[in-house]
There are 2 protein chains.
Amino acid sequence: MDVRSQILSSATRMFARRGFDGTSLQTIADEVGIRKPSLLYHFPSKEALRERVLDNLIQHWSEVLPRLLGEVTSGRGQFDVLTRELVSFFEEDPDRARLVLRELMDRPEDMEARLRNGVRPWVALLSDYIRRGRDAGDLLREVDPEAYVVHVITLAVCGIAARPLLTDALLEHGDAGDGVDVETRHTRELLRIARASLFTDPLRIEPR
Amino acid sequence: MDVRSQILSSATRMFARRGFDGTSLQTIADEVGIRKPSLLYHFPSKEALRERVLDNLIQHWSEVLPRLLGEVTSGRGQFDVLTRELVSFFEEDPDRARLVLRELMDRPEDMEARLRNGVRPWVALLSDYIRRGRDAGDLLREVDPEAYVVHVITLAVCGIAARPLLTDALLEHGDAGDGVDVETRHTRELLRIARASLFTDPLRIEPR
DNA sequence: CCTACCGATCGGTAGG
DNA sequence: CCTACCGATCGGTAGG
């Protein structure tokens, strides 16, 4: 892996875990094994590095999303696929969720612009789809389509960003007799909540 | 208000909005109208200030919670009261949610200890209650009591911490013809999701 | 990609 | 609660 990618990778992990202000260029340079001025040769400023880190994350997501939404043509099983993919994306690397969450808090104005451009069109598309399903009677009539989508995304991002801590501190380990670990229980319940608050017929909800 | 309280109040707001590392003692002192060494007379270190800020928040919450849980004796309406109180607590001052979220990310080990002592007993109590309701058939049988409680708390904290941004960026303003603002829609849908994924009979779910 | 260096700011102390 | 000051570290630049 070239130096530039190593820097981006280190920065992503450290920004996610310690925050932008809590991460110095020196510690990133140390981890990569170069001097600080060398780092600033690849990225003109700390701020520029932050932007590249974020672009990287969003690009990854914006490549996957259109394909996924293409698959969601109709029917209820499709929604499961989408929610599961959202959860998987963040579970695959929880630092993604942490990074999103931090940017949301540290740079609300910047993040609002990014969300407006990159995420809102998809939220609108999904919402319209939910609205039709609702009006056709397939989904609970009380659903607020836009707000529902926002809540499910929130739950996926925040639940996974804080997961190791939440499960360790609040869930009893090994108390379920079925040998299912707490992380799986956490994910399973997230998906269940998303389904149960959307579909009309809870009996047709099959376990994962 | 005495100086000490002013410092605590300023620190709480700034830690919540800019983060601990993003807040300097100088800016807090400026806001209070004293010099930095004077601030360090009231609180021996920045770290000590952080701890007092957090103690403050948790104390507030741990006073209200026992009373609330006392009211939740039985029946479904009670659950609404509790979830609503949780949401109200954070809506009253969204910086509370932001502070919790930041500490969760910046100091996972510390926060785990606090949650284990202060929150977990209540989660266990609520979970047992849900488990009984579930086994009695009042609640959906698929519910995972502990995981459910954790998700509802997550949704309240994160939804409100990031709310102004999420609603501005992702929800269409003024599109609902009923004159309901986006914040109300957001809260209403949160409560609806919590209810719909818990209770057996969706028809008995009354709007707020 | 390096050495050498910069001004600004950080949390914190001495002493009154 | 103040003035005066400290060493350490910050992001960043000059020059090669």
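These numbers were taken from a predicted model, which means no experiment stands behind them. Within every chain, numbering begins at 1; the chains are lettered A, B, ... in the order of the sequence lines, protein sequences first and strands thereafter.
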In residues 39-54 of chain B, which residues come under 4.0 Å of DNA chain C by heavy atom?
L40(B), S45(B), K46(B)

Whether the side chain of H151(B) engages the backbone of H186(A) through a donor-acceptor N/O pair (distance < 3.5 Å, no angle test) should be reported.
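Flag set: sc H151(B) to bb H186(A) pair under 3.5 Å.
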
I'd like to know if [X] pairs up with [Y] as an ion pair, taking the criterion as any Lys NZ or Arg NE/NH1/NH2 lying under 4.0 Å from an Asp or Glu carboxylate oxygen.
| X | Y | value |
| --- | --- | --- |
| D144(A) | R134(A) | no |
| D135(B) | R132(B) | no |
| E189(B) | R185(B) | no |

Taking salt bridge (charged side-chain N to carboxylate O under 4.0 Å, His left out) as the test, write out the residues that go with R107(A), two or more places apart.
E47(A), D110(A)

Can you name the salt bridge (charged side-chain N to carboxylate O under 4.0 Å, His left out) partners of R114(B), sequence neighbours left out?
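Residues passing salt bridge (charged side-chain N to carboxylate O under 4.0 Å, His left out) with R114(B): D55(B).
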
Might you point out which heavy atoms bring S197(B) and A196(A) nearest each other, and give the distance in Å?
CA-CB, 3.8 Å

Near-strand residues of residues 5-23 of chain A, defined as heavy-atom separation under 4.0 angstrom from DNA chain D
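Contacting residues: T23(A).
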
Would you grab the first and last nucleotide of DNA chain D (5' to 3') that comes under 4.0 Å of any non-hydrogen atom in chain A?
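Span of nucleotides near chain A: dC10(D) to dT13(D).
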
Atom pairs and distances, donor-acceptor, side-chain atoms in residues 26-34 of chain B, under 3.5 Å, two or more places apart:
{"from": "Q26(B)", "atom 1": "NE2", "to": "D30(B)", "atom 2": "OD1", "distance (Å)": "3.1"}
{"from": "T27(B)", "atom 1": "OG1", "to": "S24(B)", "atom 2": "O", "distance (Å)": "2.9"}
{"from": "E31(B)", "atom 1": "OE1", "to": "S10(B)", "atom 2": "OG", "distance (Å)": "2.5"}
{"from": "E31(B)", "atom 1": "OE1", "to": "R13(B)", "atom 2": "NH2", "distance (Å)": "2.9"}
{"from": "E31(B)", "atom 1": "OE2", "to": "R13(B)", "atom 2": "NH2", "distance (Å)": "2.6"}

Hey, could you give me the CD1/CG distance between I193(A) and L198(A), rounded to the nearest 0.5 Å?
13.5 Å

Heavy-atom count check: over 12 atoms from other residues, nucleotides or ligands less than 6.0 Å from R52(B) CZ?
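For R52(B), atom CZ is not crowded (no more than 12 foreign heavy atoms under 6.0 Å).
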
Answer for the Watson-Crick or wobble partner of dG15(C), both distances under 3.5 Å, is dC2(D)

